[in-house]
A.B. asks: 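My questions all concern the structure below.
Just the heavy atoms: all of them, side chains too, but no hydrogens, waters or symmetry mates, feed the values below. The structure presented is a predicted model; accordingly, all values stated were derived computationally and were not measured.
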Amino acid sequence: MLILFFSWCYCSYVLGCWRLNIALSWFWWRHLDAGLHAVMHGDFRTRHDIQAGLFWIYSLLSHRAMEYYYGARELKGNGMSKHWWHHIYPNDPGRDPDWSTMTGVAWVRRHTSAQWHPCHQWQCWYWLPVSMFLEPLFELIQVACALLEAVASLLEPPMNGPYVSRWAHVLGFLCEVLFNPGFQLVAFGVQPFWKALGVLLLARATSRLLLYPFSEVQHYMPEHILNREAADDSAEWVIGQLLCTANLEFRNRWAWLMDFLMFHGDSHQIEHHLWPAMSFVQYTKASQVVRATCARLRLPYYTVGYFEGYQKICEQVKEHRKPPPRPKRPRSPGEEPSPSESSSTRTRRRTRGS
């Protein structure tokens, strides 16, 4: 797969095959992230040297994701990373780090925990263009600034940290920006600037459109949010995982094969959350066992279709476009009721007396 990836990079970045670039950028972007995810969970461990080599390669090609999967560089692998917190508390608004995209100030409001602004009443019309074009462009600008900041850290005095770790961070960051399908800096050095930029933006827009169910649906389905709120910490761990995770179901063999080559990154969330160290090769067989066991014990086993995921996202966008209801202000002692409240009170008294 890595040989095929670098062959695709040569054809897309150097030779300028822009149609091939846009057609497969989404696949390789997801594959690289899922590869780092799989190695971090202990996959490919038949030989230690192969696993270590794959970890090194995928950590370079998806360098920015290392902090999420492996933890901050300063911790040196100690403690739990954000990804492990997600495994323990899936869909928990207060403790799941993946929930950060659903809260705070955002262009698209999809949950009550996010702040409402007047622009959200129009989000049914603009959410897809914003998600496909505006947010990826904003991320590109942020990454460019972060890369410059990483290079500037080399000029800081020695007491701010060892130079070896700073150089490692800069080189890893630069490697990701050069070859990762989300940035494609190599193409900017070979192709005309505006052509490279246009192809990159179209490739990112296509990736965002096709990968929406992978990155959004299973973690943020409304019914799973309610399940997370209903489940408490005293519930059995397996039951909590079954309540708050779901599998992305593919009914087409070609779609299943493409997902398999992306290491089943999200299509078998239930099995992955139950057995985090299980190889992705065994997910399909394990899903048959888990599905049959859940049916026999009457336990939940959620699945969602690919296009059904878009429908759920649209429902979230439509539901949360309106401002939340204002809480009623408690009346202070001695405060006179409003005229409408007084008339309604008198009406209730007359009704009660009659």
A.B. asks: Decide side-chain contact (heavy atoms from CB on, under 4.5 Å) for Leu200 and Phe188; before the verdict, give the C-alpha distance in whole Å, the side-chain angles of both, and the deciding distance to 0.1 Å.
C.D. replies: CA-CA 10 Å; Leu200 175 60; Phe188 286 86; 3.9 Å; yes
A.B. asks: Does atom OH of Tyr163 have more than 12 heavy-atom neighbours, drawn from other residues, nucleotides or ligands, at distances under 6.0 Å?
C.D. replies: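 Atom OH in Tyr163 is crowded, with more than 12 foreign heavy atoms closer than 6.0 Å.
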A.B. asks: Taking all non-hydrogen atoms of both residues, which atom of Gln191 and which atom of Val14 are closest, and how far apart?
C.D. replies: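 The pair with the smallest heavy-atom distance is NE2-O, 2.9 Å.
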A.B. asks: Will you find, in the side chains of Tyr69 and His37, an N or O donor that is under 3.5 Å from an N or O acceptor?
C.D. replies: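 Note: Tyr69 and His37 side chains miss the donor-acceptor criterion.
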A.B. asks: Write down the atom of Glu249, the atom of Arg291, and the distance for their closest heavy-atom approach.
C.D. replies: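 Smallest heavy-atom distance, with atoms named: OE2-NH2, 4.2 Å.
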A.B. asks: Could you tell me whether Arg204 sits above the aromatic face of Phe183, with NZ or CZ closer than 6.0 angstrom to the six-membered ring centre and within 45 degrees of the axis?
C.D. replies: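 Relative to the ring axis of Phe183, which defines the angle, Arg204 lies inside both limits.
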A.B. asks: Between Leu299 and Thr293, is the side-chain contact (heavy atoms from CB on, under 4.5 Å) condition met? List the steps.
C.D. replies: CA-CA 8 Å; Leu299 297 176; Thr293 304; 5.7 Å; no
A.B. asks: What's the shortest heavy-atom distance between Ser153 and Arg166, and which atoms?
C.D. replies: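 Ser153 and Arg166 have their closest heavy atoms at O-NH1, 2.7 Å.
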A.B. asks: Looking only at non-hydrogen atoms, find the nearest pair between Ser62 and Asn180 and report the distance.
C.D. replies: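 That closest heavy-atom pairing would be OG-ND2, 4.1 Å.
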A.B. asks: Assess the pair Phe260 and Tyr283: is the distance between their ring centroids shorter than 6.0 Å?
C.D. replies: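 For Phe260 and Tyr283, the ring centres are not under 6.0 Å apart.
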A.B. asks: Can you tell me how far apart CG (Asp96) and SG (Cys244) are? Round to the nearest 0.5 Å.
C.D. replies: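 Here the interatomic distance stands at 9.5 Å.
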A.B. asks: Between Tyr126 and His120, does the side-chain contact (heavy atoms from CB on, under 4.5 Å) criterion hold? Intermediate values first, please.
C.D. replies: CA-CA 9 Å; Tyr126 69 71; His120 289 143; 3.7 Å; yes
A.B. asks: Take Arg208 and Glu139 through the salt bridge (charged side-chain N to carboxylate O under 4.0 Å, His left out) test and state the conclusion after the steps.
C.D. replies: CA-CA 12 Å; Arg208 190 62 187 269; Glu139 183 185 359; over 6 Å; no
A.B. asks: Apply side-chain contact (heavy atoms from CB on, under 4.5 Å) to residues His86 and His273 and explain how you reach the verdict.
C.D. replies: CA-CA 10 Å; His86 160 69; His273 275 244; 3.5 Å; yes
A.B. asks: Kindly compute the distance separating CH2 (Trp28) from CG (Asp33), expressed to the nearest 0.5 Å.
C.D. replies: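 CG of Asp33 is found 14.5 Å from CH2 of Trp28.
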A.B. asks: Could you give the distance from NE2 (His41) to NE2 (His272), rounded to the nearest 0.5 Å?
C.D. replies: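 So the gap between those two atoms works out to 3.5 Å.
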A.B. asks: Determine yes or no for a side-chain-to-main-chain donor-acceptor pair under 3.5 angstrom, with Trp116 supplying the side chain and Arg321 the backbone.
C.D. replies: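 Checking the backbone N and O of Arg321 against the side chain of Trp116, a donor-acceptor pair under 3.5 Å is found.
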A.B. asks: Can you establish whether the number of heavy atoms outside Trp167 located under 6.0 Å from its atom CH2 is more than 12?
C.D. replies: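 Not buried by this count: 12 neighbours or fewer within 6.0 Å.
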A.B. asks: Report the C-alpha separation of Ser279 and Asp43 in whole Å, then their side-chain angles, then the decisive distance to 0.1 Å, and conclude whether the side-chain hydrogen bond (donor to acceptor under 3.5 Å, both in side chains) test is met.
C.D. replies: CA-CA 5 Å; Ser279 173; Asp43 216 334; 3.0 Å; yes
A.B. asks: Any chain of hydrophobic side-chain contacts (each under 4.5 Å) joining Leu210 to Leu24?
C.D. replies: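 Yes; tracing contacts between hydrophobic side chains, which count when under 4.5 Å, links both residues.
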A.B. asks: In this structure, which one of Phe6, Phe179, Trp8 forms a ring pair (Phe, Tyr, Trp, His ring centres under 6.0 Å) with Tyr13?
C.D. replies: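 Going through Phe6, Phe179, Trp8 one by one, the ring pair (Phe, Tyr, Trp, His ring centres under 6.0 Å) with Tyr13 is satisfied by Trp8 alone.
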A.B. asks: Just to verify, which of Leu201, Ile22, Leu211 counts as forming a side chain to side chain contact (heavy atoms under 4.5 Å, CB included) with Thr206?
C.D. replies: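 Of all the options given, the one that passes is Ile22.
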A.B. asks: To the closest 0.5 Å, what do you measure between CZ (Phe173) and NE2 (His63)?
C.D. replies: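 Phe173 atom CZ to His63 atom NE2 measures 7.0 Å (nearest 0.5 Å).
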A.B. asks: Does Cys9 reach the side chain of Val186, with side-chain heavy atoms less than 4.5 Å apart?
C.D. replies: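 Cys9 vs Val186: side chains apart.
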A.B. asks: Is the shortest heavy-atom distance from the side chain of Val304 to the side chain of Asn247 under 4.5 Å?
C.D. replies: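 In short, these two side chains do not touch, never coming nearer than 4.5 Å.
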A.B. asks: Distance from Gln311 atom CD to Gln316 atom CD, nearest 0.5 Å?
C.D. replies: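 Separation between the atoms: 11.5 Å.
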A.B. asks: State, to 0.1 Å, how close Ser25 and Ser207 come at their nearest heavy-atom pair, and which atoms those are.
C.D. replies: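 Heavy-atom minimum between the residues: C-OG, 3.9 Å.
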A.B. asks: Find out whether Trp237 and Leu274 are in side-chain contact, i.e. whether some heavy atom of one side chain is under 4.5 Å from a heavy atom of the other.
C.D. replies: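 In short, these two side chains touch, coming nearer than 4.5 Å.
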A.B. asks: Identify the two heavy atoms, one from Tyr302 and one from Leu243, that lie closest to each other, and give their separation to 0.1 Å.
C.D. replies: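 Where Tyr302 meets Leu243 most closely, the heavy atoms are CE1-O, 3.6 Å.
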A.B. asks: Using a 6.0 Å cut-off, check whether atom CG of Leu297 has over 12 heavy atoms from anything other than its own residue.
C.D. replies: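 For Leu297, atom CG is crowded (more than 12 foreign heavy atoms under 6.0 Å).
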A.B. asks: With a 3.5 Å cut-off and sequence neighbours excluded, list the donor-acceptor pairs that the side chains of residues 142-151 form with protein atoms.
C.D. replies:
none

A.B. asks: Is a side-chain donor or acceptor of Gln184 paired with a backbone partner of Ala196 at a separation under 3.5 angstrom?
C.D. replies: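 Between the backbone of Ala196 and the side chain of Gln184 there is no qualifying donor-acceptor contact (under 3.5 Å).
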A.B. asks: Met66, Val164: one ILVMFWY side-chain cluster at the under-4.5 Å cut-off?
C.D. replies: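 Not linked; separate clusters.
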A.B. asks: Is the shortest side-chain heavy-atom distance between Tyr306 and Asn252 below 4.5 Å?
C.D. replies: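 Contact flag for Tyr306/Asn252 side chains = no.
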A.B. asks: If two hydrophobic side chains count as joined below 4.5 Å and joins carry through other members, does Val317 share a cluster with Trp122?
C.D. replies: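 Yes: a chain of side-chain contacts under 4.5 Å links Val317 to Trp122.
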A.B. asks: Parallel, tilted or perpendicular: which describes the rings of His87 and Trp84, with under 30° parallel and over 60° perpendicular?
C.D. replies: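 The arrangement is tilted - the two ring planes meet at 30° to 60°.
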A.B. asks: Does a side-chain heavy-atom distance below 4.5 Å link Ile57 with Val39?
C.D. replies: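 SC-SC contact between Ile57 and Val39 ruled out.
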A.B. asks: Quick check on Lys322: does its NZ atom have over 12 non-hydrogen neighbours (other residues, nucleotides or ligands) under 6.0 Å away?
C.D. replies: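 It does not: Lys322 NZ has 12 such atoms or fewer within range.
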A.B. asks: Are Leu140 and Trp26 connected into the same hydrophobic cluster when the rule is that any two of I, L, V, M, F, W, Y join if their side-chain heavy atoms are below 4.5 Å apart?
C.D. replies: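 Shared cluster, yes.
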A.B. asks: Is it the case that one hydrophobic cluster holds both Phe250 and Val281, taking links as side-chain heavy atoms less than 4.5 Å apart, direct or via other members?
C.D. replies: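 Yes: a chain of side-chain contacts under 4.5 Å links Phe250 to Val281.
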A.B. asks: Flag yes if more than 12 heavy atoms outside Trp107 fall under 6.0 Å of its CH2 atom; otherwise flag no.
C.D. replies: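 For Trp107, atom CH2 is not crowded (no more than 12 foreign heavy atoms under 6.0 Å).
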A.B. asks: Output every pair passing side chain to side chain donor-acceptor pair (under 3.5 Å) with a member in residues 49-60, not counting sequence neighbours, ordered by first then second residue.
C.D. replies: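 As it turns out, the side chain to side chain donor-acceptor pair (under 3.5 Å) pairs with a partner in residues 49-60, which skip direct neighbours, are His31-Tyr58, Arg47-Asp49.
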A.B. asks: Look up atom CE in Met132 and atom CG in Leu209, then write down how far apart they are to the nearest 0.5 Å.
C.D. replies: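 CG of Leu209 is found 4.5 Å from CE of Met132.
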